[in-house]
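Written below as C-alpha cells is the structure these notes are about.
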Amino acid sequence: MNKRQTIEEAIAKITSGSTIMVGGFGCPGTPFTLIDELLRQGQKDLTLIKNDANENSIGIAKLIDNFQVKKLITTHVGLNRKVIEMMNQGEIEIEFHPQGILAEKIRTAGAGSYGFLSDIGLDTEITDVEDIIEWQGKQLKIESAINADFALIHAAHADYYGNLIYRASAINFSPLMAMAAEHVIVETPNFVSPGELKPESVHTPCAFISSIVVLDKLSEQYDLLEHHFER
Amino acid sequence: MNKRQTIEEAIAKITSGSTIMVGGFGCPGTPFTLIDELLRQGQKDLTLIKNDANENSIGIAKLIDNFQVKKLITTHVGLNRKVIEMMNQGEIEIEFHPQGILAEKIRTAGAGSYGFLSDIGLDTEITDVEDIIEWQGKQLKIESAINADFALIHAAHADYYGNLIYRASAINFSPLMAMAAEHVIVETPNFVSPGELKPESVHTPCAFISSIVVLDKLSEQYDLLEHHFER
Amino acid sequence: MNVNRILKRAAQEIKPGQMINLGIGLPTMLIEHLPDDLDVLIQSENGILGSWKKTDRAHADPFLIDAGGSYVTTRPGSCFFDSSVSFAMIRRGKLDLTLIGAFEVDELGGLANWKIPGRFSPGIGGAMELAQKTKRVVVLCSHNDKHGNSKILRKCQLPLTASACVDRIITDKAVMDVTKKGLLLREISEDISLIELQTVTDAQLMVSKQLKRF
Amino acid sequence: MNVNRILKRAAQEIKPGQMINLGIGLPTMLIEHLPDDLDVLIQSENGILGSWKKTDRAHADPFLIDAGGSYVTTRPGSCFFDSSVSFAMIRRGKLDLTLIGAFEVDELGGLANWKIPGRFSPGIGGAMELAQKTKRVVVLCSHNDKHGNSKILRKCQLPLTASACVDRIITDKAVMDVTKKGLLLREISEDISLIELQTVTDAQLMVSKQLKRF
C-alpha cells in the first residue's frame with residue numbers, strides 16, 4: 001500500500017485541462033512545493049479551485065501569472081490585486097461562491113452526493129432562478145457538488161498509509177478537498193510510521209489519499225511573510 | 001460562558017414530545033447516565049434518533065421498554081430482538097434509513113442546509129417516487145435534513161467552553177448530532193480547563209454545546225459487556 | 001452448512017493492498033482466518049479504518065467495537081472518524097471489496113439482506129451503500145435456507161438492498177460470478193455433483209469451461 | 001474618518017459570553033482594543049474559535065493566521081476546524097454577533113459589501129453567510145465615501161450581500177438601528193449637528209427620543 005512517490009511522478013499524473021483543488025486559506029495549508037512543480041511541468045488550461053488566489057507572486061498566483069489557469073473557482077481574491085485586474089481584463093475567468101457554500105459544495109462531492117439545498121443568497125445576484133425549487137414549503141436553492149480530478153494538499157504529518165494531520169489554521173479546505181478529488185496528492189515534511197499518529201486525531205483518513213510526496217525540509221516559502229509586519 | 005449544569009437541570013429542559021438525537025453505535029458513545037436521568041424524569045412521547053436501539057435493557061432500550069418512546073429513527077436494531085417484536089406488534093414506530101444516509105441527513109441539518117441529492121437506494125422500497133428529481137441529467141433523490149430539539153452526547157473529554165474529544169469507535173454519530181440539535185447536552189468523565197485540549201484534536205467545537213454534565217466516575221454500564229465474551 | 005469451506009474460499013478473495021468492509025455474520029468471521037502480516041485495511045463502518053481481530057476480556061476496550069459489536073483490536077496506522085466520513089469513504093467508492101451476507105441473491109446481481117416483511121426487519125445498516133458503491137461485492141451465504149429453499153434465485157423476492165450490485169457469490173456449495181448473461185458457475189463443492197447443484201439452485205447456472213472443485 | 005470613534009463605540013457592542021465574528025478591515029482592528037480578560041470567543045471563518053490579537057514576528061506562527069491574513073494568537077480553550085464546520089457554525093446561527101464592513105447599507109437593513117461591478121470585485125468570502133445568519137449584525141463603516149457620497153442609502157445600488165440583515169450601523173458620524181419603520185438615529189457624533197447629519201445621509205433618519213452624543 002506504498003503511496004510514496006517523487007514529486008515529479010506525482011505531479012506528472014496531472015494533464016493539461018485538469019480540474020485541481022488546492023488546499024490553503026492564504027498561506028497556511030497552501031502546498032507551495034507541489035505548486036512549484038506544477039509550474040515547472042507547465043500543464044495548461046487548468047481549472048483551479050481554491051479559497052483565494054494567494055497573494056501576488058505566491059502559491060497559485062504563480063500559475064495564474066504563467067497563464068496556466070483558465071478558470072478559478074474561489075471565494076475571495078482581495079489580497080491579490082493583480083488577479084482582480086486580470087479578471088477585469090478578461091484574462092482569467094473567476095467564479096465566486098460564498099465561502100461556506102464553496103466548502104459545502106466540495107464536501108458534498110466528497111460525501112458522494114450530488115448537491116444540497118441551501119437558503120443562502122437566494123435574493124442576490126449569485127442565484128439563478130432556475131436553481132430554486134420549492135421543497136417542503138420552502139424556497140431553496142440547489143447547490144451542485146463540485147468535483148475535481150486532483151487535489152493538492154499540504155499536511156503537517158502523514159503516515160505510511162496516508163493518514164493526515166493538519167496544523168492550526170492550515171486545516172481549512174484540505175480535508176474536504178481530500179475527500180472530493182479523484183486523485184489526492186499530499187506533500188508533508190513529516191512522514192511517519194504507522195502507529196505514530198493518534199488514531200482519533202487524524203483529520204483525513206488514508207482511504208482518500210493517492211500519492212505522498214515527502215519534503216526534506218520546508219522551503220522559505222513556508223516562513224512568515226515579512227511584509228505582513230510592515231506597517 | 002459557564003455551561004456546566006447538574007444532570008437534573010440539564011435533562012429537565014427536555015419536554016414530553018421532544019425529538020432527541022442520541023449518540024453512540026452500540027455501547028461506545030452511548031450517554032448512559034443522561035439516558036438514566038431521562039428514564040427517571042419520565043418524559044413521554046419522545047422521538048429518538050440513534051444508529052441502533054442498543055441491546056436489551058441497555059441504553060435507550062430502557063426508555064423504549066418504559067414506553068417513553070413513540071418513534072425511533074434508526075439504521076439497524078438487529079441486536080435488540082425485543083424492539084423488533086415491539087415494532088412487529090405496532091407498539092413502536094420505527095423509521096429505517098441507510099446508515100450513511102442517516103448520518104448525512106443529520107450532518108446536513110448540522111450544516112444549516114435542508115437536504116441533499118443522493119443516488120442511494122433509488123430503486124428500492126425506501127424511496128418514494130415523489131422524492132426523485134432530475135438534476136443535471138441524473139435521477140436523484142432529495143434526502144431531507146433531520147433536525148432535533150436535543151442531542152445527548154457522551155464525550156471522553158470536555159473543556160470549560162464545551163470543546164469535545166471522543167475516543168475510538170465512540171465518535172460515530174456524536175459530532176454530527178452535536179451540530180444538528182438545537183440544545184446539546186454532553187456528559188463527560190473528564191472535565192478540563194481551557195487550554196488542556198489540543199486545539200487541532202477537538203472533534204466538536206464548543207459553539208455547538210449547550211450544557212455540560214460532569215460524571216464523577218463512569219458507572220459499570222460503561223464497562224465491557226460480559227455476554228459478548230460468552231461463546 | 002460448511003462454514004469453514006465458505007470462509008476458506010472467501011479468504012482467497014482478499015488481495016494485499018486492499019481496503020475491505022466485512023459485513024455482520026459470516027464475513028466478519030473471516031477476519032480471524034487472515035494472516036497477521038497481510039497488508040490490508042479493514043474498514044468498519046462505525047468509524048474505523050484498520051480494524052482487526054477480536055480480542056479477549058483482558059485486552060478489550062469498552063469504547064472500541066466493530067460494526068458487528070465485537071471488541072476488536074486495531075492495527076498500527078488505523079484511524080477513527082465519524083459516521084459521515086465513514087460513509088463518504090464508502091459512497092465515494094474508495095473500498096476495494098465488500099464481503100456481505102444475504103437472505104437472497106439473484107442472477108442479475110440483485111441482493112436482499114435487510115428485510116423479511118412482517119417477520120424480521122433488523123434494518124438497513126450500512127448494507128445499501130456498501131452494496132451499491134463498493135468496487136467489488138462478494139456475497140457469502142449458505143446455498144439453501146434451513147428448509148432447503150435456494151437462496152440463489154432467478155429474481156429476489158424480498159425487498160432489495162441493491163439491484164445489479166453483486167460480482168460473486170460464494171456458498172457452501174458453489175462459487176458463482178454474476179455476468180451479463182447470468183450466473184457463471186466457477187467452482188463447485190467437492191460434496192456435490194453438477195446435477196445435484198442445479199437441483200438445489202433456483203437460478204439457472206452456466207458452467208465455466210475451467211470449472212474447479214473447492 | 002475618525003476610525004477611533006467607530007472602534008471605541010463598536011467595542012460597546014460586545015458583551016461577555018458572546019461568540020463573535022469580525023470582518024476584514026475596521027471590525028478586525030477592534031480586537032486590539034478589547035481587554036485581555038474579556039470572556040468572549042472570536043470566530044475566524046478560516047477555522048478558529050478563540051482567535052485573538054495580532055502578534056509580532058517573534059511570536060507569530062506561519063500556519064496560524066486569521067481570516068484577514070494577520071498572524072494572530074489564540075486564547076486557551078481555542079480550537080481549529082475545517083471550513084465546512086466553520087460555516088456550519090455560522091449558518092446554524094451559533095454566532096451572537098458579526099461586526100462587518102460595508103460599501104453601502106440601506107434603511108431596509110440591506111448590505112452591499114462584495115462587488116463594485118467592473119471596478120472592484122474581491123469576492124464574497126464569508127460575508128453572505130455571516131450577514132444572513134448571525135443573530136445580530138452590526139455594520140461598521142465610514143458614513144460617506146471619499147467623494148462625500150452617503151453610504152447610508154434608502155436602497156442599496158450595488159449587488160446585495162444580503163437583504164434585511166443589518167441590525168445596527170455604526171459610522172464616524174452616527175449610530176443607527178434598522179427598524180421596521182426605517183433607520184432610527186440613536187447616537188450622533190459630537191462633531192456634527194442633526195441637520196448636517198441628515199444632509200450627508202441619503203436615507204431618511206428618525207431620531208430617537210433618547211438621542212445621545214458619542
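Just so it is clear: chains get the letters A, B, ... in the order the sequence lines come, proteins before strands, and each one is counted from 1.
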Region of B/Pro175 that comes under 4.5 Å of a non-hydrogen atom in chain C: side chain
Is C/Asp56 close to chain B through its backbone or its side chain, or both, or neither, when contacts mean heavy atoms under 4.5 Å? backbone
B/Leu224 versus chain C, heavy atoms under 4.5 Å apart: side chain, backbone, both or neither? both
Cut-off 4.5 Å, heavy atoms of chain B, and the answer for C/Ile65 is both
Which atoms of C/Ser84 come close to chain B, meaning under 4.5 Å heavy atom to heavy atom: side chain ones, backbone ones, both, or neither? both
Looking only at heavy atoms and a cut-off of under 4.5 Å, which of B/Thr124, B/Asn88, B/Asn172 has the most pairs with chain C? B/Asn172
Okay, B/Asp119 and chain C: the region with an atom under 4.5 Å from a heavy atom over there is both
Heavy-atom proximity to chain B below 4.5 Å, by part of C/Arg119: backbone
Counting only non-hydrogen atoms closer than 4.5 Å, does C/Ser44 touch chain B with its backbone (N, CA, C, O), its side chain (CB onward), both, or neither? neither
Geometric class of the B/His228/C/Tyr71 ring pair [parallel <30°, tilted 30-60°, perpendicular >60°]: tilted
Straight-line distance of B/Phe173 CZ to C/Asn46 CG, nearest 0.5 Å: 10.0 Å
Which region of B/Ile101, side chain (C-beta onward) or backbone (N, CA, C, O), has a non-hydrogen atom less than 4.5 Å from a non-hydrogen atom of chain C, or is it both or neither? both
Tell me, side chain or backbone of B/Leu102 under 4.5 Å from chain C's heavy atoms, or both, or neither? neither
Of the listed C/Gly69, C/Ser51, C/Ser78, the one with the largest count of heavy-atom pairs under 4.5 Å with chain B is C/Gly69
Evaluate the side-chain contact (heavy atoms from CB on, under 4.5 Å) criterion for residues C/Phe81 and B/His203: first the C-alpha distance (whole Å), next the side-chain angles of each, then the deciding distance (0.1 Å), finally the verdict. CA-CA 9 Å; C/Phe81 35 83; B/His203 292 116; over 6 Å; no
When rounded to the nearest 0.5 angstrom, what distance separates CG in B/Asp123 from CD in C/Gln132? 7.0 Å
Please look at B/Ile120 and chain C and tell me whether the side chain, the backbone, both or neither of the residue comes under 4.5 angstrom of a heavy atom of that chain. both
Quick check for you: to the nearest 0.5 Å, what is the distance between C/Met128 atom CE and B/Thr127 atom OG1? 7.5 Å
How about C/Gln12: does its CD atom have over 12 heavy atoms from other parts shown lying under 6.0 Å from it? yes
Ion pair B/Arg107/C/Asp82, N-O distance below 4.0 Å: no
Against chain C, label B/Asp223 side chain, backbone, both or neither, depending on which of its atoms sit under 4.5 Å from a heavy atom there. backbone
Go through B/Gly26, B/Ala170, B/Gly121 and name the one with the most non-hydrogen pairs under 4.5 angstrom from chain C. B/Gly121
What do you reckon, is NZ of C/Lys155 surrounded by more than 12 foreign heavy atoms closer than 6.0 Å? no
Would you say the rings of C/Phe63 and B/Tyr166 are close, in the sense that their centroids are separated by under 6.0 Å? no
Any idea which of B/Gly24, B/Ser174, B/Gly78 has the most non-hydrogen atom pairs under 4.5 angstrom with chain C? B/Gly78
Test side chain to side chain contact (heavy atoms under 4.5 Å, CB included) applied to B/Ser169 and C/Val72, C/Thr74, C/Leu64, the passing residue: C/Leu64
CD1 of C/Ile124 to OG1 of B/Thr74: how many Å apart, nearest 0.5 Å? 10.0 Å
Just give me the residue among B/Ser118, B/Ala156, B/Pro28, B/Ala53 that pairs up with chain C most often, heavy atom to heavy atom, under 4.5 Å. B/Pro28
Mind ranking C/Gly118, C/Gly126, C/Ser121 by heavy-atom pairs under 4.5 Å with chain B and telling me who comes out on top? C/Ser121
Looking at B/Gln99 and C/Glu129, what are the two nearest heavy atoms and their distance? N-OE1, 3.5 Å
If you count heavy-atom pairs under 4.5 Å between each of C/Ile48, C/Asp61, C/Ile24 and chain B, which one has the most? C/Asp61
Other residues, nucleotides, ligands: >12 heavy atoms within 6.0 Å of B/Glu130 CD: no
Heavy-atom distance under 4.5 Å to chain B: side chain of C/Ala127, backbone, both or neither? neither
Minimum heavy-atom separation for C/Phe80 to B/Ile171, with atom names? CB-CD1, 3.7 Å
Interchain contact, B/His154 with chain C, by part (heavy-atom threshold 4.5 Å): side chain
Pick from B/Met87, B/Glu104, B/Arg167 with the largest number of heavy-atom pairs that fall under 4.5 Å of chain C: B/Arg167
